[in-house]
*Asks:* 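Below is the structure I would like to discuss, written out as structure tokens.
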2 protein chains.
Amino acid sequence: MPAAIRQIETVVKDRALIERRHEQICDAALRLFARKGYHQTSVREIAEAVNVSVGALYNYIKSKEDILLLVYHRIFGLFQTKMSEAMANSGGPTSQLRAAIEATLKLYDEYQDLVLVLYQESHTLRREALQQLFEVDRRYVSMVQAIIERGNREGHFVAGDSNLIAIAILFLCAVWPLKRWNLKKYDLATVTDEVANLVLHGIGGAHGLPDD
Amino acid sequence: MPAAIRQIETVVKDRALIERRHEQICDAALRLFARKGYHQTSVREIAEAVNVSVGALYNYIKSKEDILLLVYHRIFGLFQTKMSEAMANSGGPTSQLRAAIEATLKLYDEYQDLVLVLYQESHTLRREALQQLFEVDRRYVSMVQAIIERGNREGHFVAGDSNLIAIAILFLCAVWPLKRWNLKKYDLATVTDEVANLVLHGIGGAHGLPDD
DNA sequence: CTATCCTGAACGAGCGTTCAGCCATCGGGG
DNA sequence: CCCCGATGGCTGAACGCTCGTTCAGGATAG
């Protein structure tokens, strides 16, 4: 994300105020988008939730889409840091991959609604913003991909195309928020376990060399 | 679906004409929804694409949501028949599961845009229509689940919770349409192969008893 | 003439966005 | 110390547009 984030044009000068208001807007919008979706949520509703007038809101954004961007940037930042933390795990590829899956699922659990918004409303973004989103996604994938390749090289895994497998694994984690209605009877721990087992068996992590 | 489909109220009497128009509407809407999404597509556009006036369109539907329902019903019907065909495969659990995965991915490939609409716009549906959608999904899941349970029982698989695994497998297939932008360099055959291998290894289908 | 289907202008509601005016804060000159 | 203008942020009615939906009337076939 770093340099990539286009700064949102504002009317207000005070930098700290902008920051604070942006956070408030993000909070409110997140809650509303999660409940009703982007299109069904009006700018008026968001303004009300932030406790400012519509006019004031427009001092901090240039258009409604900026709000969606705010939300997305927050997601990006959050996932970026949390995932990096989890990856810092210094065990062998097997435990590292398991940690990555656990971290991803934990994140997806904590921000279920957010993931939903991510999948449902991304087609609303302009090409430029979409590219940013893709870029971030690719970064996550390449993190996981690196683990897989190391595992393959060191004989722990027998995965096929590492890029493809990494994409599949990360996508699989989204089953928890996206199919939540069908997984109500399970809890996060169960799903994490089953998914991790499926994947690790699937690429030979449980049959190959022991970790370390 | 059979009895579950709520008939859409119409003004026109001629049953055959209704049928024909509904198909036209479905065709047009599908193309438009795939390109622009449900909310960004206006009723006027759909009417134009069908080559009738807005007024005429409203003789065949009661509201815009009915159009989304038409599209969904078409998807349901299609998937229902195609999946049943693929499942009729009479080999052992391993080859049966592989066939199911292949069929699902082939379907998802053929109707990529449709799957996208399915995932992106389902939150637009009313509770009643959503229940229908869930019901259909559960039916697919239970098909796959049956295969897994048989495989477990006969010693081919060592899968954990069969329901959970079935949900995960079907979801995983959606990676192809939903992450298409990140899978451009792959073709359907490759993805099918890698996914099938991941799954079959994952639940022990390649380590357990040989098929038949 | 009647029954059936079609037309498209019109309607009302809701949307995103703007802007003329209001209020609070603050700094410097009398 | 007080006043006053200026600055910065806020308000919410108003605007223009698009949308989903309706309906009075036209066209056509039996």
Side-chain angles (χ1 to χ4, degrees), chain A residues 7-26 28-30 32-33 35-72 117 120-121 123-126 129, chain B residues 7-26 28-29 32-33 35-72 117 121 123-126 129:
Chain A
Q7 212 54 42
I8 293 170
E9 293 175 36
T10 58
V11 173
V12 174
K13 322 281 181 185
D14 186 340
R15 290 295 202 89
L17 186 54
I18 294 175
E19 194 84 10
R20 196 155 50 84
R21 285 272 190 255
H22 274 181
E23 261 185 50
Q24 293 177 305
I25 295 170
C26 205
L30 242 167
L32 289 168
F33 289 171
R35 185 148 47 84
K36 322 175 42 180
Y38 174 78
H39 290 289
Q40 282 90 339
T41 305
S42 70
V43 174
R44 269 167 257 265
E45 285 178 282
I46 298 172
E48 196 177 353
V50 181
N51 266 321
V52 293
S53 66
V54 228
L57 196 67
Y58 269 89
N59 285 338
Y60 298 95
I61 56 170
K62 212 169 52 64
S63 75
K64 190 187 177 187
E65 201 195 349
D66 278 344
I67 303 180
L68 195 57
L69 279 180
L70 275 178
V71 170
Y72 273 37
V117 173
Q120 284 171 348
E121 309 293 358
H123 64 117
T124 311
L125 296 173
R126 292 192 237 89
Chain B
Q7 213 53 43
I8 292 169
E9 294 175 36
T10 59
V11 173
V12 174
K13 321 281 182 185
D14 186 343
R15 290 293 202 88
L17 183 56
I18 293 175
E19 195 84 8
R20 195 155 50 85
R21 284 271 191 257
H22 274 181
E23 260 184 52
Q24 292 177 306
I25 294 169
C26 204
L32 288 168
F33 289 171
R35 185 148 47 85
K36 321 175 44 182
Y38 174 78
H39 290 288
Q40 282 90 338
T41 305
S42 70
V43 174
R44 270 167 256 265
E45 285 178 283
I46 298 172
E48 196 176 354
V50 181
N51 265 323
V52 292
S53 66
V54 226
L57 196 67
Y58 269 89
N59 286 338
Y60 298 95
I61 57 169
K62 212 168 54 61
S63 76
K64 189 187 178 188
E65 201 195 349
D66 279 344
I67 303 180
L68 195 56
L69 279 179
L70 274 177
V71 169
Y72 274 33
V117 173
E121 309 292 358
H123 65 116
T124 311
L125 295 173
R126 292 191 239 92

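Residue numbers start from 1 in every chain, and the chains themselves are labelled A, B, ... in the order their sequence lines are given, proteins ahead of strands. Only this structure's heavy atoms are used, side chains among them; waters, hydrogens and symmetry mates stay out.
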*Asks:* Using a heavy-atom cut-off of 4.0 Å across all strands, would you classify A:T10 as base, sugar-phosphate, or nothing?
*Replies:*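 The residue A:T10 makes no contact with any strand.
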*Asks:* Could you tell me which residues satisfy salt bridge (charged side-chain N to carboxylate O under 4.0 Å, His left out) with B:E65, sequence neighbours excluded, listed by chain and number?
*Replies:* B:R126
*Asks:* Just the rounded figure in Å: distance from P of D:dG20 to OH of B:Y38.
*Replies:* 8 Å
*Asks:* Of all residues at least two apart in sequence or in a different chain, which pass the side chain to side chain donor-acceptor pair (under 3.5 Å) check with A:E121?
*Replies:* none
*Asks:* For a quick test of reading the model, state the closest non-hydrogen atom pair linking B:G37 to B:T41 and the distance between them.
*Replies:*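 Taking B:G37 first and B:T41 second, the nearest heavy atoms are O-OG1, 2.7 Å.
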*Asks:* Which residues satisfy the side chain to side chain donor-acceptor pair (under 3.5 Å) test with A:Q120, sequence neighbours excluded?
*Replies:* none
*Asks:* Would you please name every residue forming a ring pair (Phe, Tyr, Trp, His ring centres under 6.0 Å) with B:F33, sequence neighbours left out?
*Replies:* B:Y38
*Asks:* List in numerical order all residues of residues 42-53 of chain A for which some heavy atom is under 4.0 Å away from an atom belonging to DNA chain C.
*Replies:*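 By residue number: A:S42, A:V43, A:R44.
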*Asks:* Could you give the CG-to-C1' distance, from B:D66 to D:dG20, as a whole number of Å?
*Replies:* 13 Å
*Asks:* Given atom NE2 of A:H39 and atom P of D:dC19, what is their separation to the nearest angstrom?
*Replies:* 12 Å
*Asks:* List the residues meeting salt bridge (charged side-chain N to carboxylate O under 4.0 Å, His left out) with A:E45, not counting sequence neighbours, and say none if there are none.
*Replies:* A:K36
*Asks:* Between C1' on D:dC19 and CD1 on B:I67, what's the gap in Å once rounded to a whole number?
*Replies:*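 My rounded result for the distance is 13 Å.
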*Asks:* Using a heavy-atom cut-off of under 4.0 Å over every strand shown, decide if B:V54 touches base, sugar-phosphate, or nothing.
*Replies:*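 Base, at least one base atom sits under 4.0 Å.
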*Asks:* In whole angstrom, what separates A:L57's CG from D:dT11's P?
*Replies:*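 Taking atom P of D:dT11 as the reference, CG of A:L57 is at 11 Å.
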*Asks:* Rounded to whole Å, how long is the line connecting atom CD1 of A:I25 with atom C1' of D:dC10?
*Replies:*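 To the nearest whole Å, that distance equals 13 Å.
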*Asks:* Could you work out, with side chain to side chain donor-acceptor pair (under 3.5 Å) as the rule, every residue matching B:E48, not counting sequence neighbours?
*Replies:* none
*Asks:* Quickly work out the B:I61 CD1 to D:dG20 C1' distance and round it to whole Å.
*Replies:* 9 Å
*Asks:* Using a 4.0 Å cut-off to any heavy atom of chain B, which nucleotides of DNA chain C are the first and last in contact, reading 5' to 3'?
*Replies:* C:dC5 to C:dA10
*Asks:* Polar-atom pairs under 3.5 Å, protein N or O versus N or O of nucleotides 27-30 of chain D: list them with distances, or write none.
*Replies:*
none

*Asks:* Tell me every residue that passes side-chain contact (heavy atoms from CB on, under 4.5 Å) with B:Y58, counting only those two or more places apart in sequence or in another chain.
*Replies:* B:V43, B:I61
*Asks:* Do the side-chain N or O atoms of A:Y60 get closer than 4.0 angstrom to the phosphate oxygens (OP1, OP2) of D:dG9?
*Replies:* no
*Asks:* Test of understanding: with side-chain contact (heavy atoms from CB on, under 4.5 Å), list the residues that count as partners of A:R44, not counting sequence neighbours.
*Replies:*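 For A:R44, the residues satisfying side-chain contact (heavy atoms from CB on, under 4.5 Å) (neighbours in sequence not counted) are A:S42, A:V54.
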*Asks:* Would one find more than 12 heavy atoms of other residues, nucleotides or ligands at under 6.0 Å from atom CD of B:E19?
*Replies:*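 At most 12 heavy atoms, drawn from other residues, nucleotides or ligands, come within 6.0 Å of this atom.
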*Asks:* Map A:A56 and B:K13 onto DNA chain C by nearest heavy atom, then report which one ends up closer to the 5' terminus.
*Replies:*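 The 5'-side residue here is B:K13.
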*Asks:* Mind checking side-chain contact (heavy atoms from CB on, under 4.5 Å) for A:T10 and listing every partner two or more places apart, or none if nothing turns up?
*Replies:* A:I18, A:H22
